[in-house]
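Single-structure report; data block below.
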Amino acid sequence: MSAIFYLLAVITLAGGLATVLLKQLVHCALAATVAFAGLALLFLQLDAQFAGFAQILVYIGAVAILIVFAILLTHGSHMPKDGVFSRSWALGLVIAAGVFAILGWAVLAGISAVPRQNAPPSATVRDIGEALVGRYVLPLEIVALLLTAATIGAVVVAMHEKASPR
Amino acid sequence: MIAASAAANPFIVDADQVFVLLRDWLVGFLPAALRPAAGAVLGVIAIVCVFPGLFALTTVFERKGLGRMQNRLGPNRVGPFGFFQPIADGIKSLTKEDIVPLRANAVVHFLAPLVLVATVFMGFAVLPMGRNMVLVDMDAGLLFFFAMGAATELSIFMAGWSSRNKYSLLGAMRAVAQMISYEVVLLLSSVSVVMISGSLSLSKIVAAQDQYSGVFPHWYIFTPWGLAGFLVFAIAATAETNRSPFDLPEGESELVAGYHIEYSGFKFALFFLGEYLAMFSISGLGTTLFLGGWSAPFSFLAWVPSWIWFFGKVMLFIFVFIWMRGTLPRLRQDQLMNFAWKFVLPFTLLNLVVTALWRFMGPGWSRWIVCSLILLAAYVVMGRLEMRSDHFGRRSYRYAE
Amino acid sequence: MTTPLAGYLLVAALLFAIGLGGALARRNAIVVLIGIELMLNAANLNLVAFWRFGPLPEALTGMMFAIFSIAVAAAEAAVGLGLIIAVYRHAGTAELDKIDRMKG
């Protein structure tokens, strides 16, 4: 466990907590970006260069931007008058704490069963590319189809209602 | 070729590698354990010094060049021919009052320029600026570059939103929408280079182009798909850096200054710096992908140090940027978006298919004709469809709800 | 915390719980969506960590899962935000407490 890992973990978790707790929605989105960036750095720390850069490109470059656009389009940057948490927030908190307790117990109890392997694996871009068009070509095609469908779907769903003839 | 000239004249190799040798010499004073880190630090220092210096030079040249184009003199008061103008400007922006609007979101307002400059600087880390002159030779260098480019968009949003000014917010939304649209094009046009060179590492992409048939180089721009890709890339790069004719985010006549309207003093200078650094880095990427990076344009010019070629090509890009700024009028927002999604993007997708065709037709002259014909036909047909007169009908207005 | 893997898994579990808490306790639909994204991200961290410390990293399985999951998350965010905007146009709010009518 290196100091860098602890630092990155603290950044990621602080970003996540701030996302959930902050009142101003744009601040939430920016805090989520911090969490995404921290995760990308954790990926790099795990020698998964490609996944880390893809994480930055997709999450910070696209998802975060989409979120702030959605916030502005729904007038979300005004502070809500009657609190940001739902009526049943306590129940949500209990469920989240319960899930964390179960997950944490599972990790700590089961970790000894996982074989140890500490040599950093080498995954060059070439390896990843060959895997993508070799062993994983079917998922790749399905993801391509999914992304196309999602693009069309998002446009259709968000399209102006008045623009479409009734 | 290189080896032959090296044997003939060691001085030329020294000039080519002078910065690498300088770094190694400086690092040599340190214990062996510290050397890689110290080398990286020296590289970072070099980048942080060279590009702002280039920025200062470029601002003078831009203002003087634009002055020439508009039949006036441009700055000519500070120093010989006005060449010390950037120093005066720098002192001015450092000593000016830093005003933060009362209702601004102070933290985000403060962070935005820093994030912008930091992420733009990161992009330089993977650009090969000469033979063996790349700070981090990453396996996924191109992906890293685009990841950093994507991160700058958020800083522009931060600047526009935190200022609490309708003009800055509008400018930021325009900038982000435009950058996202053209980022897709930028990525896809670089993918064709990746398809041919078979690598995401920028130094390998340059090495693949550093070959000659006769005296002519194997740059990707000298192929049908490469030329098409390069043109699309140049358009997207202009839009990505918010330069004229795509400078709507800063349209002075409508938005005053766009997302950095509420920035003054040193923070404004940081935005200005970030904009020019983004220009340099995207020019460097275009050079690397299509113009052979640091390789010489003719084999008999290979004795000229490689970094001179790289910076020369980047400066050529910058000159074209300035030239276009002095020549072309600004587009309208709907024209800009339609152009991106209805013309440039389909054309880029077709270019990917053509690149694949080029790859699988193998060497020979037939692929030149087939690929050129497909691209030309697509350009003519799509251009005709897009330029139909009903696209230029009356403006349609859509008001906010 | 005996092994690096346990550290990563615990961070992922905590991030998952934070995302879940956010998704359950917040009123605004966009923050709920961000919470779901955080949960997906936590799962990705698990996948990459198992790839890194697992027994067969050459197969790239965990890494591939993470990359596909990132792609799917992007699609999910696009559609989800499109839905939120459509609902906002219809109901005039993005607060989940107030969107309680099935009838348009």
Side-chain angles (χ1 to χ4, degrees), chain A residues 1 5 9 12-13 16-17 19-20 25 28 32 35-36 39 42-43 46-48 51 54-55 58 62-63 66-67 70-71 73-74 76 84-87 89 92-93 95-97 99-100 103-104 107-108 111 114-117 121 123 127-128 131 136 139 143 146-147 150 153-154 157-158 161, chain C residues 1-11 13-22 24-28 30-31 34-35 37-38 41 45 48-49 51-55 57-58 60 63-64 66-68 70-75 77-79 81-86 88-89 94-97:
Chain A
M1 287 282 106
F5 166 74
T12 310
L13 294 176
L17 265 182
T19 308
V20 173
L25 280 191
C28 289
F36 294 153
L39 268 167
L42 278 176
F43 286 177
L46 282 167
D47 303 305
Q55 163 96 3
V58 171
V63 173
L66 269 178
I67 288 172
I71 290 172
L73 284 175
T74 56
V84 293
F85 294 104
S86 65
R87 283 187 293 271
W89 64 270
L93 197 66
I95 293 176
V99 166
F100 175 65
L103 285 177
V107 167
L108 291 180
I111 198 67
V114 176
R116 295 280 292 273
Q117 191 266 346
D127 294 339
I128 294 171
Y136 297 95
V143 163
L146 175 82
L147 284 176
V157 164
E161 275 180 28
Chain C
M1 221 173 279
T2 48
T3 61
L5 178 60
Y8 284 101
L9 294 187
L10 280 179
V11 169
L14 201 49
L15 192 67
F16 187 88
I18 290 172
L20 184 64
L24 291 177
R26 290 293 292 243
R27 292 176 56 186
N28 194 293
I30 294 174
V31 185
I34 300 178
E37 291 290 338
L38 285 181
N41 262 311
L45 183 59
V48 175
W51 166 74
R52 168 66 176 79
F53 298 107
E58 304 83 47
L60 289 172
M63 177 96 120
M64 283 296 144
I67 290 171
F68 284 125
I70 289 174
V72 171
V79 176
L81 291 169
L83 279 173
I84 292 174
I85 289 172
Y88 176 79
R89 284 225 181 91
E95 311 256 301
L96 291 174
D97 292 16

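All of these numbers come straight from a predicted model, not from anything done at the bench. Proteins come first, then strands; the chains are lettered A, B, ... in the order of their sequence lines, and each starts at number 1.
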For the pair Arg52(C) (side chain) and Asp47(A) (backbone), establish whether a donor and an acceptor sit closer than 3.5 Å, ignoring hydrogens and angles.
no

One should read off an interatomic distance between Trp51(C) CH2 and Leu46(A) CG, to the nearest 0.5 angstrom, of 8.0 Å

Can you say whether Ile67(C) sits under 4.5 Å from chain A via the side chain, the backbone, both, or neither, judging by heavy atoms?
side chain

Which pair of heavy atoms, one from Tyr88(C) and one from Thr74(A), lies closest together, and at what distance?
CE1-O, 3.3 Å

Side chains of Leu14(C) and Leu103(A): closer than 4.5 Å at any heavy-atom pair?
no

Shortest non-hydrogen contact between Val20(A) and Arg26(C), atoms and distance
O-NH1, 2.6 Å

Can you see which heavy atom on Ala51(A) is nearest to which on Ile70(C), and at what distance?
O-CD1, 3.9 Å

Just how far is it from atom CG of Asn28(C) to atom CG of Leu25(A), taken to the nearest 0.5 Å?
4.5 Å

I need the Ile18(C) CD1 to Phe100(A) CZ distance, nearest 0.5 Å.
8.5 Å

Checking side-chain contact (heavy atoms from CB on, under 4.5 Å) between Ile67(A) and each of Ile84(C), Val31(C), Leu81(C), which is the one that passes?
Leu81(C)

Mind checking the OH-CZ spacing from Tyr8(C) to Phe5(A)? Nearest 0.5 Å is all I need.
5.5 Å

Identify the two heavy atoms, one from Ala75(C) and one from Leu147(A), that lie closest to each other, and give their separation to 0.1 Å.
CB-CD2, 3.8 Å

Can you measure from CG (Leu73(A)) to CD1 (Ile85(C)) and round to the nearest 0.5 angstrom?
4.5 Å

Report which part of Ala62(A) has an atom under 4.5 Å of a heavy atom belonging to chain C: side chain, backbone, both, or neither.
neither

Taking every non-hydrogen atom, the tightest pair across Gly104(A) and Leu10(C)
CA-CD2, 3.9 Å

Out of Val99(A), Leu39(A), Val143(A), return the one with the most heavy atom pairs under 4.5 angstrom to chain C.
Leu39(A)

By a 4.5 Å heavy-atom criterion (distance strictly below it), what part of Leu45(C) contacts chain A: side chain, backbone, both, or neither?
both

Looking at Leu66(A) and Ala78(C), what are the two nearest heavy atoms and their distance?
CD1-CA, 3.9 Å

Could you grab the distance from atom OG1 of Thr19(A) to atom CG of Leu15(C), nearest 0.5 Å is fine?
8.5 Å

